[in-house]
Amino acid sequence: MGTKAAPTPAYAYCHTIGVDLYSGRGFRDPVDLAKGPDGTVYVLQRGTPFHKNVLIKVCGPDQEFIGEFGDYGSEKGQWVWPACIIMDSD
């Protein structure tokens with residue numbers, strides 16, 4: 001009696017948002033994302049132990065770069081090693 005593997009979904013490339021950069025409209029070491037009700041995308045960028053560029057990038061529903069916020073550290077608005085991003089109804 002053999003086992004049968006479940007079929008894997010096929011994905012087609014659609015488009016790219018951002019490029020491989022540490023700041024601005026680029027992403028480096030993204031670990032999670034959340035999509036707002038208006039289509040805005042929030043990407044959590046964790047960085048590396050050497051490049052402590054921990055922040056959240058914001059892109060509009062039309063893939064336009066809106067901005068970024070956050071920083072590495074232990075003060076308000078800073079993170080040390082974030083693993084995920086969540087959004088509430090607000």
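Of the candidates Ile56, Ile86, Asp29, Leu44 forms a side-chain contact (heavy atoms from CB on, under 4.5 Å) with just one, namely Ile56.
Of all heavy-atom pairs spanning Val31 and Pro82, the tightest one is CG2-O, 4.2 Å. Across every non-hydrogen atom of Arg46 and Trp81, the tightest pair is NH1-NE1, 3.2 Å. Nearest heavy atoms, Pro61 versus Asp38: CG-O, 3.4 Å.
The shortest side-chain heavy-atom distance between Gln45 and Asn53 falls under the 4.5 Å cut-off. The shortest side-chain heavy-atom distance between Leu55 and Phe69 does not fall under the 4.5 Å cut-off.
Under a 3.5 Å cut-off, the side chain of Glu64 and the backbone N or O of Gly60 do not form any donor-acceptor pair. With hydrogens and angles ignored, the 3.5 Å screen pairs a side-chain donor or acceptor of Asp32 with a backbone N or O of Ile85.
Listed by chain and residue number, Phe27, Pro30, Leu33, Val41, Lys57 satisfy the side-chain contact (heavy atoms from CB on, under 4.5 Å) test with Val43 (two or more places apart in sequence, or in another chain).
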